[in-house]
Amino acid sequence: MLNGMQNSVTPTHCPYCALQCGMNLTPAPDGTVEVTERADFPVNRGALCGKGRTAPAVLSSTVRLTSPLVRSEGKLVPASWDEALDRIAEGLSRTRTEHGPDACGVFGGGGLTNEKAYTLGKFARVVLGTSQIDYNGRFCMSSAAAAGTKAFGLDRGLPFPLEDIPRTGCVILVGSNLAETMPPSLRFFNELRENGGTLIVIDPRRTKTAEQADLHLAPRPGTDLALALGLLHLVVAEGRTDEEYIRERTSGWEEARAAAMAHWPEYVERITGVHVPQLREAVRMFCEPEAAMVLTARGPEQQSKGTDTVGAWINLCLATGRAGRPLSGYGCLTGQGNGQGGREHGQKADQLPGYRKLTDPAARRHVAEVWGVDPDSLPGPGRSAYELLDALGTDIRALLLMASNPVVSAPRAGHIEERIKSLDFLAVCDVVLSETAALADVVLPVTQWAEETGTMTNLEGRVLLRRQAITPPEGIRSDLDVMHELADRLGVEKGFPTDAEEVFEELRRASAGGPADYSGITYRRLVEENGVFWPCPTPAADPGDGEDESLDARDDETGVHPGTPRLFLDRFATEDGRARFVPVSHRATAEEPDDEYPVFLTTGRVVAQYQSGAQTRRVDELNAAAPGPFVELHPRLAERLGAKEGEPLAVVSRRGRAVAPARITNTIRPDTVFMPFHWYGEGRANTLTNPALDPTSRMPEFKACAVRLETVKP
Ligand SMILES: Nc1nc2c(c(=O)[nH]1)N[C@H]1C(S)=C(S)[C@@H](COP(=O)(O)OP(=O)(O)OC[C@H]3O[C@@H](n4cnc5c(=O)[nH]c(N)nc54)[C@H](O)[C@@H]3O)O[C@H]1N2
Ligand SMILES: Nc1nc2c(c(=O)[nH]1)N[C@H]1C(S)=C(S)[C@@H](COP(=O)(O)OP(=O)(O)OC[C@H]3O[C@@H](n4cnc5c(=O)[nH]c(N)nc54)[C@H](O)[C@@H]3O)O[C@H]1N2
Ligand code: SF4
Ligand SMILES: [Mo]
C-alpha cells in the first residue's frame, strides 16, 4: 500500500544526514530518477543541499554493487546469492563453534532504518548469541547522549522541533558547522536573527556558519569544557542565575556551582585563548532575552572529555533556567540519517530496543518476551565501537558489517585497517564497494533509500517514513532479506521478517514502555501526519500512573497519543522530575601539542562530501566541488613552514603520516590545522587521529590531536 507507484511522484526523504529533508522522487522513462521539491515537510520546506539533489546518481548501476561478491584466490568475484549467503553462514558458525559466540562481531550504522537497526541488534543477540555488537554512532553523538541522559533522564537529540529556533532569543552553537553540514537548517538561524535574536558560534575556525554569527568565539580545540565553565562562572558572578528555577526544577547545583567558581575568566582565557570581554559579551547575549538555547555538535562532543563538556553546557542552561521551558533548552544536532533512531533500538553495545538498558532485568524480560526467547539467553553489554574494531583478529575473529566504512572513518584508521585484514572472516553489506567492503571475504549488494521502505528518526526525534519510490534492480536484496536468510541458515527460522512494516510492528511492541516508546506510531500515522515525535505510547502500553504529564499528552477525543514534539516542559524524565547538574572541571586533551608535535589537528566535514565518502565520492558533481583532501592552515603558520597554497604538506602524528595540499586561510587559528576526513589513501585524516576514548561514552577524540607539519616537494 505504501510503496511508491512506478512512474508517479513519491514523497520521501534524503538518504544522507539527520535533517532527513523531504523530497519528491519521480522515475523517468530512461531509468533515472528525478528529485523535485517537496514543500510540505517543515524541516526543509523544499530546500535541499547538493548531496540530496544529486543522491539518485548513487542508484546507477555504473557506481553501485550489482552482484554478491566472494573472495576467490585473493580476488572478489561475482557469485550467486546462495553461495554468498552460505559462505557467510559458514564463516560465522565456524567461528562460533571454534571460538565461542563472542568471537563473532557485528558492526552497524546510524544510516540504517529503525527496522534494520532493530533487526541487526536482535540478530546479534538471538541468532549469533554475541555481546559484541556496536555501531558508528559511537563515533558521532554518544557523548551528548550520555550527558543528556545524566542531566535530563532521557536522550533525545533535540527536545524541541527546529521550528522553535526562530522564536527564541539567542542560540549558542558549539562546534557545529551547519552551513556546510545541514545547509537547509541555516534558514532557522537566519530567521532568528531577522526576528531580533542573536547567534553565537564557537569554533576554532571562522566557518561559513561562524560568518553568520553575531559573535564568534574561536577557542583552541578541546577547550570547550573550560569555556562553558568560564561562562557559568560569569553568570554567577554577575548575578544572572535563575534561583527560583534552580530550586524548583534541578538538583546538584551547589557542587556544580563550586566547580565552576574555580574557573576564573582569566584562567579560562589562558586555556581557551578567548578573551574575557568576549566571554562577558557571550554571557550578556545569552542571558538577556526571555529564552535561549545551546546546541552542540561534533566540535565539543568528539573529545576524550565530550560527556563532561556537554554536561558543562547543560549546566549553563540549567543555571539560567533555560531547559524544559518554551523556546529554551539544550540540544545535540545529531548527524546521520537515522542518528537518533539508530541509537534507540539495540545496535548499541549496551542497549535493547526502546532505548532500554541491556543490564536492566525488567528490560531483558520485556524484550525477551517479544522475541520469544529466554531472558537469560540474552548476552550482556559488549565492547564499544573503537574497542570492538581494535579487538578484530584477536578476540573477535569474524565480523558482519552493515552500513559503515571504518577503514576511512575510524580513528587511527591505519591500525584499524590492519585489524580488519587480520580477521578470519569479514562480511560486508553495502550499496557500493567501499574501501572496507573491498577487504571482505563476502560482499552483499543491498537496496538503497529510494528502493525500499523504512522509518527514520531525524535529529528532532521526529519518526518519519522513507518510502520506496522505485523498484530495485534485479540481483539486489535488502538488509532485512539478508538477515532473514542468514538467520534461517543459522537455525533461527522465525522472527526475521523481510517486510519493513512487519518489523516495525514488532519494534513498536519491543519499545512499548521504554524511554523511546514508539508503540503508538504506525506507518499509516507517519504518512497522514508527516511524521510523529517519540515518545508516543499506546494507551495499553502506558502504565497509566499519571506521573509523567509531559510525556503523556494523550488526545482526549480519540485516545490516540499525539506524540511529543517538546519534552520536559512540566518535568524532566529523571525519577524525581528534576534536572541534574553535574560537577565538572576542565582537563586537557589526551594529547596536547609539545616540541615534537607542536600543532593541533582537528577534523570535520565539507559541504559536498558525506562521511567516509563511499557514496558521495561516486557523484561527479560533488567530486567537482570537493575533489580531495586538504590541510587548512593559517598564513602565519604557513610562512613559518614555508608551505605554499596548493602544494603538498605532510601532517605527522604519533599514529602515522598523511599528505594533502595546503589550503592557506586566515579563518583558522594559527595553532591549529584542519583536515576533512572524507578520503582514503595518502590524504586520509584518520591515519592521524587519536583513539583516546571518553571514559563514559567511549567516544574517540576526533577533534584534537598533536601533529607536526612538513613540506613535501611536489
Ligand atoms: N556535508 C556533510 N554534511 C554532513 C555530514 C558529512 O559528512 N558531510 N555528516 C553528517 C554527520 S554524521 C554529522 S555527525 C554531522 C556533523 O556536523 P558538524 O558537527 O557540523 O560537523 P564537523 O565538521 O565534524 O564539526 C563541526 C565543527 O567543529 C569544529 N571544531 C573542531 N574542533 C573543535 C573544538 O574543539 N571545539 C569546537 N567548539 N569546535 C570544534 C570544526 O572546525 C567544525 O567546523 O554532519 C552531518 N552532515
Ligand atoms: N576524523 C574524523 N573521523 C570521523 C568523524 C570526524 O568528524 N572526524 N566523524 C565520525 C562520525 S560523526 C561518523 S557518523 C562516522 C561515519 O563514518 P562511516 O561509519 O564510515 O559512515 P558512512 O561513510 O556514512 O558509511 C556508511 C556506509 O554504508 C553504506 N550504506 C548506506 N546506506 C546503507 C544501507 O541501508 N545498508 C547498508 N548495508 N549499507 C548502507 C554506504 O554506502 C557506506 O559505505 O565517521 C566518524 N569519523
Ligand atoms: S541537508 Fe542533509 S537531509 Fe537535507 S538534502 Fe542535504 S544531506 Fe540530505
Ligand atoms: Mo555522525
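Note that ligands are numbered from 1 as they come in the structure, with each ligand's atoms numbered from 1 the same way. Hydrogens, waters and symmetry mates are skipped; everything else that's a heavy atom, side chains included, is used.
Put simply, SG on Cys705 and CD on Glu591 are 5.5 Å apart, with the number rounded to the nearest 0.5 Å.
Ligand 1 places these atoms under 4.0 Å from at least one heavy atom of Arg298: 13 (C), 14 (S), 15 (C), 16 (C), 19 (O), 24 (O). Short contacts between ligand 1 and Gln609, defined as distances under 4.0 Å to a heavy atom of the residue, involve ligand atoms 1 (N), 2 (C), 6 (C), 7 (O), 8 (N).
Residue-to-ligand polar distances keep Arg220 apart from ligand 1: every N/O pair is separated by 3.5 Å or more. Taking distance alone, with nitrogen or oxygen atoms compared against 3.5 Å, Thr689 stays at or beyond that limit from ligand 2. Below 3.5 Å of separation, one finds no N or O of Thr447 facing any N or O of ligand 2.
Judged by the shortest distance from any of its heavy atoms, Lys703 lies inside the 4.0 Å radius around the atoms of ligand 2. Heavy-atom separations between Val408 and ligand 2 are all 4.0 Å or longer. Assignment of Met141 to the shell around ligand 1 is not supported, since no heavy atom sits closer than 4.0 Å. Heavy-atom distances between Lys116 and ligand 2 reach below 4.0 Å in at least one pair.
Glu417 pairs in a salt bridge (charged side-chain N to carboxylate O under 4.0 Å, His left out) with only one of the listed residues (Arg655, Arg412, Arg684), which is Arg684.
Nearest protein heavy-atom contact of atom 23 (O) of ligand 2 is Ser612 OG, 2.5 Å. From the protein, the heavy atom lying nearest to atom 45 (O) of ligand 1 is Thr181 CB, 3.4 Å.
By the 4.0 Å N-to-carboxylate-O rule, Arg220 lies close enough to Glu592 to be salt-bridged with it.
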Derivation and outcome, side-chain contact (heavy atoms from CB on, under 4.5 Å), residues Gln448 and Leu59: CA-CA 7 Å; Gln448 308 183 35; Leu59 298 166; 3.7 Å; yes

